[in-house]
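What you are looking at is a predicted structure, and each value in this text was computed from that prediction instead of being measured. Hydrogens, waters and symmetry mates play no part in the numbers below; they use all other heavy atoms, side chains included.
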Protein chains: 2
Amino acid sequence: MPHTSIERPQDAARQMLAEHRSRQLLDAAARLMEREGSEAVSMQALAAEAGVSVGLIYRYFGSKDDVLLAVIVQVLEAFATQVPRAIEAAGEDPVRRLSAAFAAYCTVIDEHRHAAVLTYRESKSLDPAGRDRIKRLEVETSQPLRDAVRSGVESGLLRTADPDLVAYNLLLLAHAWALKHWYFEKTMTLEAYISAQLALALSAIVAPTSRRRYADLLSPS
Amino acid sequence: MPHTSIERPQDAARQMLAEHRSRQLLDAAARLMEREGSEAVSMQALAAEAGVSVGLIYRYFGSKDDVLLAVIVQVLEAFATQVPRAIEAAGEDPVRRLSAAFAAYCTVIDEHRHAAVLTYRESKSLDPAGRDRIKRLEVETSQPLRDAVRSGVESGLLRTADPDLVAYNLLLLAHAWALKHWYFEKTMTLEAYISAQLALALSAIVAPTSRRRYADLLSPS
DNA sequence: GGACAAAGAATGAATCTACGTTCATTGTCA
DNA sequence: TGACAATGAACGTAGATTCATTCTTTGTCC
């Protein structure tokens, strides 16, 4: 049926433009938040930062909510791609995989520090539907962490009463790097934060018999 | 010098009224946040909820910032009184004291769930001075937790490379009960949350030789 | 190839709305 | 009657949204 699915080249071009604009605007939002804080993102400021007119934003986003939602979703998508990749690269050992996953979480957070905080603003902006979407995505993107803990437990290397709680705590600690950056930055770099938190978390759950094997993770230099 | 400190009964009455109004308004703010979320607190809504006029608020608070600041300070003051009391009541054992402190933190958070979240809104509302004050207070009120961990370490019952990090993490986990209530409430009560988190945190730091002694804390029923 | 439409992209001043704040007025004791 | 408490309509402003207009690209016909 060639008629029902005509591939018009204009459409492709249009979609390309739409994607370009979208990226352009989200990048501008990120820069703005980085420089002036996340509450400084007004539509006029965003337009100025992106070098476009206010009206144009509304061609590509339905509302300010939509823009903020997209910023948050972008972060969550970064989790969805970066974390599995890091796990993959960490080899077979479940504990190493878990460690890599946590490190990846923290790194993504660090790269989107201000955007990450957006999630915690129970703003009027985000309508219930959008908020639910974010919550769902957040739970979904924490799945790798959960899986890693579970498989560590199954293999007998880890030992814990509540794997899901362990996983969620790690997620929280990654977020905390953004939320409490003013506190942690006084005494730690990102790398130090990652290894300190990891050492602490692992020492709660590494099985006694495997402690020697992970000595490097359990007592960071 | 009777002249420099005349005790006029009117002044006492006035101060009493001021305190009453202040409490009335902060209570209304709490109710409003509870019912409609913390972003629904406009001056007009607050006035309506408290059953007073908008103008009156400005007789007792300089600005909206002041009101929000007062709400937050109220929570921090609840920490400052409740936590030491709980520690006191827990006896001599450093680990029991630490546990009691954490439980108290969580309980206070639970009682002021929506107000607690306010701290995380890097709102334009709170000016830098107010924000600094909050940060300072927050660090101050976490001192008992730090002290408890430290004395646990000193007595040899606990073992950790970074007591301050342990203490701050516990504070974070208490906050998390408010921040991520939508997640935790699906599977836990406050009591379950407290003992699960405590079990996890303690199993990372209780010295091997003391594990049996705290078996009840380490594996909650 | 050049003139001429549409269609779509982009603009930005004007509009609309939601508050925070003020203050002229009214109420209430002592 | 004066001092203080309280009111709430009116004001000011920031910022989200709209839309009439202009610019640009694409397609069409001679």
Open item on the list: On DNA chain D, compare the nucleotides closest to A:Val54 and B:Gly51; which residue's is nearer the 5' end?
Closed with: B:Gly51
Open item on the list: Could you measure the distance from the OG atom of A:Ser99 to the CG atom of A:Leu170? Nearest 0.5 Å is fine.
Closed with: 9.0 Å
TODO: Measure the distance from CD on B:Glu39 to P on C:dA18 and round it to the nearest whole Å.
DONE: 14 Å
Open item on the list: Need to verify one output field. Residue with the more 5' nearest nucleotide on DNA chain C, A:Arg59 or B:Met43?
Closed with: A:Arg59
- [ ] Could you tell me the separation between the CG atom of A:Leu32 and the P atom of D:dG15, rounded to a whole number of Å?
- [x] 11 Å
- [ ] Please state how far atom CG in A:Leu25 lies from atom P in C:dA10, giving the value in whole angstrom units.
- [x] 10 Å
- [ ] Would you indicate, yes or no, if C:dA10 has its OP1 or OP2 atom less than 4.0 angstrom from a side-chain nitrogen or oxygen of A:Arg21?
- [x] yes
TODO: Would you kindly give the CG-to-P distance between B:Leu46 and D:dG8, to the nearest whole Å?
DONE: 15 Å
Task: Closest to the A:Ser42 side chain, choosing from C:dT11, D:dT7, D:dG15 - done: D:dG15
TODO: Mind calculating the distance between CE (B:Met16) and C1' (D:dA5) to the nearest angstrom?
DONE: 17 Å
TODO: Locate the shortest heavy-atom distance separating B:Leu32 from B:Ala40; write the atom from each residue and the value.
DONE: CD2-O, 4.2 Å
- [ ] Select base, sugar-phosphate, or nothing to describe what A:Tyr60 touches, counting heavy atoms under 4.0 Å on all strands.
- [x] sugar-phosphate
Open item on the list: Hydrogens and angles aside, do B:Arg85 and B:Thr81 bring a side-chain donor and acceptor to less than 3.5 Å of each other?
Closed with: no
- [ ] Would you mind reading off the distance between A:Ile57 atom CD1 and C:dG12 atom P, rounded to a whole angstrom?
- [x] 12 Å
- [ ] Give a yes/no answer on whether the side chain of A:Ser53 brings an N or O atom under 4.0 Å of OP1 or OP2 in C:dT11.
- [x] yes
TODO: Under the side-chain contact (heavy atoms from CB on, under 4.5 Å) rule, what do B:Arg121 and B:Leu68 come out as? Steps first, then yes or no, please.
DONE: CA-CA 11 Å; B:Arg121 295 255 288 281; B:Leu68 293 183; over 6 Å; no
- [ ] Using a strict cut-off of less than 4.0 Å between a Lys/Arg side-chain nitrogen and an Asp/Glu carboxylate oxygen, indicate whether B:Glu138 and A:Lys180 qualify as a salt bridge.
- [x] yes
Task: Residue-phosphate contact under 4.0 Å: B:Tyr58 side-chain N/O, C:dC23 OP1/OP2 - done: no
TODO: Could you check how far CD of B:Gln44 sits from P of C:dG20, rounded to whole Å?
DONE: 6 Å
Task: Atom pair distance, as rounded to whole Å: NZ in A:Lys64 and C1' in C:dT17 - done: 14 Å
